[in-house]
Amino acid sequence: MDKLKTSLKNTDKNTTALFGIAVLIFVIMGILAPRSFLGIKNLQGMCVQFPEFGILAFGMMLAMISGGIDLSLVGIANFAGIVGAVLMIRMGGSNFSIVIGIAAAILVGALCGVFNGFLIGYLQIPAMLVTLGGLQLYTGLGLAITKGPAIIGLPPAFNLIANGTLLNIPVALFIFVIAAVVVSFLLKSTVYGQHVSFMGTNATAARYSGINNLKVTIYTYGLSGILGGIGGILMASHYNSAKSDYGSSYTLLTLLIVVLGGTNPDGGRGRVIGVTLSVIVLQLVSSAFNILRVNGFIKTFVWGIILLAIMIGTHFIEKNKQRS
Amino acid sequence: MNNKIKNVLTSNEMIVAYIIIGLSILIGCVNSAFFGVSTLVSLSRSMLVMLIFAVCEMVVIISGGIDVSFPAVACISLYATIRFMLASGIDSPLFAFAMAAVIGISFGAFNAFLICKMKIPPLIATLGVSSVANGGTLAFLGTKEISNIPEHVDKLSQIFIFTYTNAGGIKYSLTVLFLIPVIVCIGAYIILKYTMLGRGIYAIGGDKNAARIAGFNVTKIQFIIYMTVGCFAGIGGMTYMILMRQASPQVLMGSEMMVIAAVVMGGARITGGHGSVFGTILGVGLITLVQNNLIMLGVPTHFQTLVVGLIIVIGISITSLRAKKIANSAKV
Amino acid sequence: MEMNEVFLKLEGIKKSFGGVEALKGVDLEIKKGEIHCLAGENGCGKSTLIKVISGAHDATEGNIYIEGKKIEHLNPIDAIRLGIQVIYQDFAVFPNLTVAENIAMNRALMTGAKKMDWKKARELAVMAMEQIGAHMNPDILVERLSVANKQMVAICRAIINDAKLLILDEPTTALTAKEVDKLNIIIRRLKAKGIAIVIVNHKLDEIYGIADKLTILRNGENVANGGIEEFDRTRFIKDLTGRDIVETTYRPEKSTEEILRVERFTRNGAFEDVSFVLNKGDVLGITGLLGSGRSEIGDALFGLAPAESGKVFLNEKEISIKSIEDAMNHKIGYVPEDRLTQGLFLDRSIQDNTVAASISKYLIKGKLDHAKMYEVTKEWIKKIGCIAPSPNPDIRTLSGGNAQKMVIAKWLNTEPKLLVLNGPTVGVDVGSKSDIHMILHDLVKAGVGIIIISDDLSELIQNCNKIMIMKNGKASGMLEAATLNETELTHLLSGKKEDNNE
């Protein structure tokens, strides 16, 4: 009970606001369309959709906590997905080939991330520029492999990763939860997690406290790349194919999610719970719109409004704090 | 004096120029058809709209900000304008540009309000506005591509300032719309170099606080910047529509990344305070050249993105490393 | 021009911020052509006073007269129009613009110009530089200038705006001795033109070198006011701190147990052939002018900018320091020079700041123990005498002295064998300063090697038993603090004696 109390005390206003919004949507939709919204089909459907960009958002969050940004995630995801897909098909689609494909995708993600981290940490080029170029580069690498059209003919078993269920719960949701728990553990309970947030707060002071900024930067983007690779596997499995321009709206979407989740754009602070709630809220909004048969594009509009509203709200809260 | 020449020859702009020259010679060696008026005409046409956006983005970056909303603003401006014109039967090029500009300006003002008054970081603010503008267009204005553009507006695409017929009798014509980026470039150059407003933009990018102490009205200047960017996003969008002879509600989405890359390659520092019109023209030129003409080198289409990506990564690395070298060099 | 005319007169200036009185009735009179030094410890109200004079703050009470005329509400633009110019510590210059533009910018803005006149800017810049005898290429970007030249740009900018009163906020902190001399020449030139000059400084030696008049502020009041000749060292320090100085000096028993030995330490362009020994019980002071290599030795011992050659022995075992990791593995700690940017994570809690250098200590069974970090921080707060309610608040809420104590605690929490402190009491109030010195002496007793790098000579003489002077990257021999007084040390430092002999 005490633990619950402290954890409640620790939740910041942002998390509370997001949680409130999520509950509100549930209540409103529960009244408006109880059958379709709360039905198992819809709940399952939602849980299939959000893990892929939710996992990418964790990568974005790590980069942002470190004081940077990772605009190359979608590029990494597609490139990793393509490499995995090609391997699986070349190796004949056996279960073993699926394992190899997944491993290769994660490895590719890690390598791309480490390359980003090297340019950012060692050559000290602004993260935004590195990952902007990286997005183009990794997309290009993917395109060079596929030569344009999507790679199809993936093994059916692979398809189950994103689309299958276990005990009526989508497998993708399990993957998302595992990713959330791991990232949360990394941030809160490991030396790396503390170091990355120190570096994001003040890189100079971090160096003067004996933190190896280069190592932390490479780890961060490496991890972000691994999450990108996992996102790529989910996307390939979800669409049953791999292509270099899937999920092109995800870059901005993940940025939006991360900022909405209360991550400090200047670095230093960010929490898995905030980002998770923010992913869920966005999914609920779009799902609600689908059920109410509102034009699907409104959700982009509403996401923008929510982002700006939260930022404006934070501004006024900060202002009041300073005054008192 | 010698030093001065050396400085010019090793400046960022010149490095991009060398790359362009090198690449041109390479392409020209492989395919002699490259050296010709026709290439110049088609390149000019290809870089037309990107150049308008890039010069505006450069001004924002010089001031220490960033704007990722201009593609969405351009789309909503052109699409709302064309929908309104078709519905009301107005057919005037002037009106088309004016209305697109006004819509753009209002979004620019909104950006400036969020950044200056609400103190939201520029990347986040313009990202939100981008989402609102793009979502708004698709949800409320429609998703259809419109090709029945009012006659007088459409005609603009058929007015040429220059026509060249090659030996084979194929015509290459440079559209009159090319004058827009030319005017934007010259205007930006003059304002940035010879007005206090322009110097204020550099000053804010160099040290915002010092600019305030010196007596610049920082908020006013930022409003002017973002509103101007909005204005030219609208005009650029309209130009693109006329050039393509088709109005599409999200055709320009995603171009922000390439534009920012071009600006940075042209020597603008993402941290603000540095950048030149000439450099930006070269940056846009290089990217357009690669996109358009790699095929002449025998590089298959599906390798193009990769090559562009490589050039961006290398270009950005060189620019950043040079900035770092200057910062660490011996002081006088 | 009448030199004895009063330019600025302040009468009973009070200023409070939300009930806290920063200025409690300050009187001040500054004459034309006078060099007036303003001294006072941190938090005495110096900066508030400057902001009142420059119009940035409105005084709560009191009168301001400029050239005999009473000014009701002084705002920044009016202050500039009336000829008041402030040169802040960071100079507020634009690194990305040229020298000429930086100098001419304010003038153009004041006249409301719309166009940028490059030719005129260049002319103005050349003229201003001639006036103060500075030589810079007007077309060079300011980011390529040294600190001293950036300051020259700021001074040029001030004087072309018809400055009648020039306020320099701690102008010498980042200057080398030569540059200080040059600055003084320029200041005297300006004085000869009848410009009144206020210099904020608290180094007595520098004040003696330039000032006509001295005003000392303490707790928002001016406690002393008069010609520079009226102040001797004892009075100055008494007025500054409000206490009689008790010359406690640290004189440990001699020991031969060696903690640190450095042999022929060299890093090109920073220091060369530096050797010294630190025995148990010793506190070694390293001093020198800016750019003499004093800070660089600290940086090298901590692996920030490692030495290129030479040997280091810690507890008689040779160690190699090539990186910060090496230094930390050998239990060497470093309290950096700039607390705000290098020492603290301002937006983080006191707890985070305390454990920042020793996180891995709390990794228990693969998981960080946050509760233990909290307890440890609580203990340190108590042990080190930091005034803080709990480990939770952001460290930015602490005063300079308390924050510095926590920076030291951060390193003590790594259980160091050697602690190098670079400017340990800069910007720290008198009370915390002596607390910090006590802490250091306790550490020495516990067998920790302590090196203090500082330009505060009285601090060194009182708290170190050995002193080493750096000059152009070379070290003097080891001096016994007991045989030195401050005047001698000053002479040794600036090398004036030797220069005279040459």
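Each chain gets a letter, A, B and so on, in the order the sequences are listed, and its residues count up from 1.
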Chain C and chain B: which donor-acceptor pairs fall below 3.5 Å?
| from | atom 1 | to | atom 2 | distance (Å) |
| --- | --- | --- | --- | --- |
| C:Asn96 | ND2 | B:Tyr202 | O | 2.9 |
| C:Asn96 | ND2 | B:Gly273 | O | 2.8 |
| C:Glu101 | OE1 | B:Arg199 | NH2 | 2.8 |
| C:Glu101 | OE2 | B:Arg199 | NE | 2.3 |
| C:Glu101 | OE2 | B:Arg199 | NH2 | 3.2 |
| C:Lys114 | O | B:Met196 | N | 2.8 |
| C:Met116 | N | B:Tyr194 | O | 2.8 |
| C:Trp118 | NE1 | B:Lys193 | O | 2.9 |
| C:Glu143 | OE2 | B:Arg269 | NH2 | 3.4 |
| C:Arg144 | O | B:Val332 | N | 2.9 |
| C:Ser146 | N | B:Val332 | O | 2.8 |
| C:Asn149 | ND2 | B:Val332 | O | 3.0 |

Quiz item: Would you say the side chain of C:Lys474 lies within less than 4.5 Å of the side chain of C:Phe271, judging by non-hydrogen atoms?
Solution: no
Quiz item: Below 4.5 Å, heavy atoms only, C-beta onward: do B:Ile312 and B:Val264 meet side chain to side chain?
Solution: no
Self-check item: Intermediate values then yes/no, side chain to side chain donor-acceptor pair (under 3.5 Å), C:Asp338 and C:Thr341
Solution: CA-CA 6 Å; C:Asp338 187 339; C:Thr341 63; 3.1 Å; yes
Self-check item: Intermediate values then yes/no, side chain to side chain contact (heavy atoms under 4.5 Å, CB included), C:Leu8 and C:Ile64
Solution: CA-CA 7 Å; C:Leu8 172 80; C:Ile64 302 175; 4.0 Å; yes
Practice problem: Identify, with sequence neighbours excluded, every residue that meets side chain to side chain contact (heavy atoms under 4.5 Å, CB included) alongside B:Pro121. | Solution: A:Pro265, A:Met311, B:Ile124
Quiz item: Can you name the nearest heavy-atom pair linking C:Ser295 to C:Glu337, along with the distance?
Solution: OG-OE1, 3.6 Å
Exercise. Could you look at C:Val147 and say if it's the side chain, the backbone, both or neither that has a heavy atom under 4.5 Å from chain B?
Key: neither
Quiz item: So does C:Asp347 pair up with C:Arg396, basic N to acidic O under 4.0 Å?
Solution: yes
Exercise. Give, as side chain, backbone, both or neither, the part of C:Leu145 having an atom under 4.5 angstrom from any heavy atom of chain B.
Key: both
